[in-house]
Student: 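Pasting in a structure now, in structure tokens, and then I'll have a few things to ask.
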Amino acid sequence: MSYQEEYVGSFPKDFSYGPFEQNGESDNGSLQEDHKPRILLMGLRRSGKSSIQKVVFHKMSPNETLFLESTNKIVKDDINNSSFVQFQIWDFPGQIDFFDPTFDSDTIFGGCGALVFVIDAQDDYQDALDKLQLTVTKAYRVNSNIKFEVFIHKVDGLNDDYKMESQRDIHHRATEDLAEAGLDHVHLSFHLTSIYDHSIFEAFSKVVQKLIPQLPTLENLLNILISNSGIEKAFLFDVVSKIYIATDSSPVDMQSYELCCDMIDVVIDISCIYGMVDETEMNTFNSQSSSLIKLNNGTVLYLREVNKFLALVCILREENFQKQGVIDYNFLCFRDAITQVFELRSKSQNANKNRSDIELLTNGAGDSTEGTSDSLQVPLP
Ligand SMILES: Nc1nc2c(ncn2[C@@H]2O[C@H](COP(=O)(O)OP(=O)(O)OP(=O)(O)O)[C@@H](O)[C@H]2O)c(=O)[nH]1
């Protein structure tokens, strides 16, 4: 995956929340690049925002985050190219001040798809809750379509009872605060997370899924696949980030998800060491990629490449795998259907683009930030 990291503000001397002005790039050209949907990471200082971004999208090991310096600028991170999911993550400094005149809320919240607010569960969280209320109020006024996600973070240090108790308490107080501000209709989603296990990947998967307009179709296709193939659980993974972009509608249990993530790691590692390198793409995960792991409890993990970004990972009973021919045939139908879904999406995106180009030609230069999509852009498989 190619990541592009860009600093778009600095603090305190030349701090500016208006990223385009900060870079001196207020022309439409630079704004157009920012049409990708945005996920904002906010929360108090040292709550773990940068660590989350580094661990999920930059393969940083959790221990290394101990040495991360405090963020004093808005850091804009482009997640694109070799990944299926394409968006920007903006990591905000903890000491963000919404009342600073240079804080351009319209630009920042306008094109935002999801706002992830990180709360350090190992710390006293009253201040964090106050900030959450302020942030949601500000953001909702600008853009009522934002999905608000609260990460109750660093729960690795808490025992199970305390974890549940904190979640209940934070949930209760945060919704009460919003009701006080007259925003009781705003929905907050809560996730217990830690960078030291898979919970952070799982939570981010759920955030990203909400930005994929085709999610119900993907879920439906997975339901059809599993019910006709004797599969117990199936995940559609973005291979590079290990985010699952869809799963069938049966509940996800953490252990299954972890097993599937580990399988992807094994396949990628083996492919990198022994795989044939495609000279044009340098990509060892390709249409030939598949893997089968039999566990000693009678369960089989089966991975098939869907396209260069996506893999299907299934969990099934060993006896059901005897009909591998049926599974493989159904998989091919599934893969065709997925390709069609995204071809359709790509066609409608192109049509929209052509339409807005024509509008621009007839209306003269319009504001290119208008109509910014807050749903994920997906490259053609
Ligand atoms: N135990 C534990 N520590 C974490 C976790 N996530 C982050 N940390 C630690 O929290 C500290 C602060 O993390 P950062 O990512 O720098 O926090 P930040 O929110 O970006 O901080 P600012 O840049 O100051 O706003 C680091 O020492 C991390 O190692 C977690 O899940 N569990």
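All heavy atoms count here, side chains included; hydrogens, waters and symmetry mates do not. All figures in this text were calculated on a predicted structure; none of them were measured in a lab.
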Student: Is there a path of hydrophobic side-chain contacts, each under 4.5 Å between heavy atoms of I, L, V, M, F, W or Y residues, that connects L44 with V155?
Tutor: no
Student: Let's go through F117 and H153 carefully: what are the C-alpha distance in whole Å and the side-chain angles of both, what is the deciding distance for ring-ring contact (aromatic ring centres under 6.0 Å, His included) to 0.1 Å, and is it a yes or a no?
Tutor: CA-CA 10 Å; F117 193 92; H153 193 53; over 10 Å; no
Student: Are V142 and I146 connected in the hydrophobic side-chain network, where two residues link if heavy atoms are under 4.5 Å apart?
Tutor: yes
Student: Could you check N307 against T339 for side chain to side chain contact (heavy atoms under 4.5 Å, CB included), going step by step and ending with a plain yes or no?
Tutor: CA-CA 9 Å; N307 61 47; T339 313; over 6 Å; no
Student: How close do I315 and I231 get, counting heavy atoms only, and between which atoms?
Tutor: O-CG2, 3.5 Å
Student: Mind listing the closest non-hydrogen atom pair of F201 and V56 along with its distance?
Tutor: CE2-CA, 3.8 Å
Student: Quick one: side chain to side chain contact (heavy atoms under 4.5 Å, CB included) partners of N297, sequence neighbours excluded?
Tutor: L295, T299
Student: With a 3.5 Å distance limit and no angle check, can you tell me whether E219 reaches the backbone of D248 through a side-chain donor-acceptor pair?
Tutor: no
Student: Applying side chain to side chain contact (heavy atoms under 4.5 Å, CB included) to V150 and H191, what does each step give before you reach the verdict?
Tutor: CA-CA 6 Å; V150 181; H191 311 261; over 6 Å; no
Student: E64 vs K54, test: salt bridge (charged side-chain N to carboxylate O under 4.0 Å, His left out). Steps then yes/no.
Tutor: CA-CA 10 Å; E64 281 177 72; K54 297 281 181 199; over 6 Å; no
Student: Where do H198 and Y257 come nearest, in terms of heavy atoms and distance?
Tutor: O-CE2, 3.8 Å
Student: Between D77 and Q53, is any side-chain donor less than 3.5 angstrom from a side-chain acceptor?
Tutor: yes
Student: Measure the spacing between CG of L188 and CD1 of I170 and express it to the nearest 0.5 Å.
Tutor: 11.5 Å
Student: Return the CG to CG distance between N228 and N223, rounded to the nearest 0.5 Å.
Tutor: 10.5 Å
Student: Could you pull out the closest heavy-atom pair between N143 and G110, with the gap in Å?
Tutor: ND2-O, 3.0 Å
Student: State whether a side-chain donor-acceptor pair under 3.5 Å links D120 with S47.
Tutor: no
Student: I need the minimum non-hydrogen distance between I327 and S229, along with the two atoms involved.
Tutor: CG1-O, 3.7 Å
Student: Can a salt bridge be assigned to the pair D123 and K154 using a cut-off of 4.0 Å between side-chain N and carboxylate O?
Tutor: no
Student: According to a 4.5 Å side-chain heavy-atom criterion applied to Ile, Leu, Val, Met, Phe, Trp and Tyr, with indirect links allowed, do L68 and M42 form part of one hydrophobic cluster?
Tutor: no
Student: Can a cation-pi geometry be assigned to K233 and F235, taking NZ or CZ under 6.0 Å from the six-membered ring centre and within 45° of the ring axis?
Tutor: yes
Student: Give, for atom CZ of F331 and atom CG of L312, the distance between the pair rounded to the nearest 0.5 Å.
Tutor: 6.0 Å
Student: Does the pair K210 and E149 meet the rule for a salt bridge (charged side-chain N to carboxylate O under 4.0 Å, His left out), with working shown?
Tutor: CA-CA 10 Å; K210 288 190 189 163; E149 311 285 337; 2.8 Å; yes
Student: For D130 and Y125, test the side chains for any donor-to-acceptor distance below 3.5 angstrom and give the result as yes or no.
Tutor: no
Student: Return the OG to CG distance between S199 and L192, rounded to the nearest 0.5 Å.
Tutor: 8.0 Å
Student: Just by distance, do the side chain of T193 and the backbone of I200 share a donor-acceptor pair under 3.5 Å?
Tutor: no
Student: State, without any angle test, whether S70 and R45 hold a side-chain donor-acceptor pair at a distance under 3.5 Å.
Tutor: yes
Student: When you measure from the side chain of S144 to the backbone of Y140, do you find a donor-acceptor pair of N or O atoms at a distance under 3.5 Å?
Tutor: no
Student: Look only at the side chain of R335 and the backbone of E305, and say whether a donor-acceptor pair between them is shorter than 3.5 Å.
Tutor: yes
Student: If I compare all heavy atoms of G230 with all of N320, which pair ends up nearest, and what's the gap?
Tutor: O-ND2, 3.0 Å
Student: Taking NZ, NE, NH1 and NH2 as the nitrogens, is one of them in D91 or K49 under 4.0 Å from a carboxylate oxygen of the other?
Tutor: no
Student: Applying the side chain to side chain donor-acceptor pair (under 3.5 Å) criterion to D169, which one of H172, R173, H171 satisfies it?
Tutor: R173
Student: Do V306 and L332 land in one hydrophobic cluster if side-chain heavy atoms of ILVMFWY residues count as linked below 4.5 Å?
Tutor: yes
Student: Let me confirm one number: the SG-CD distance from C260 to E258, rounded to the nearest 0.5 Å.
Tutor: 10.5 Å
Student: Whether the side chain of Q122 engages the backbone of L158 through a donor-acceptor N/O pair (distance < 3.5 Å, no angle test) should be reported.
Tutor: no
Student: Just checking, any donor-acceptor pair under 3.5 angstrom between side chains of N220 and T217?
Tutor: no
Student: Under a plain distance cut-off of 3.5 Å, with no hydrogens placed, do D336 and Q340 share a side-chain donor-acceptor pair?
Tutor: no
Student: Are the side chain of T71 and the backbone of K73 linked by a donor-acceptor contact shorter than 3.5 Å?
Tutor: no
Student: With side chain to side chain contact (heavy atoms under 4.5 Å, CB included) as the criterion, how do I195 and D156 come out once you've worked through the C-alpha distance, each side chain's angles and the decisive distance to 0.1 Å?
Tutor: CA-CA 8 Å; I195 53 169; D156 46 279; 5.7 Å; no
Student: Does the separation of the ring centres of F204 and F57 fall below 6.0 angstrom?
Tutor: yes
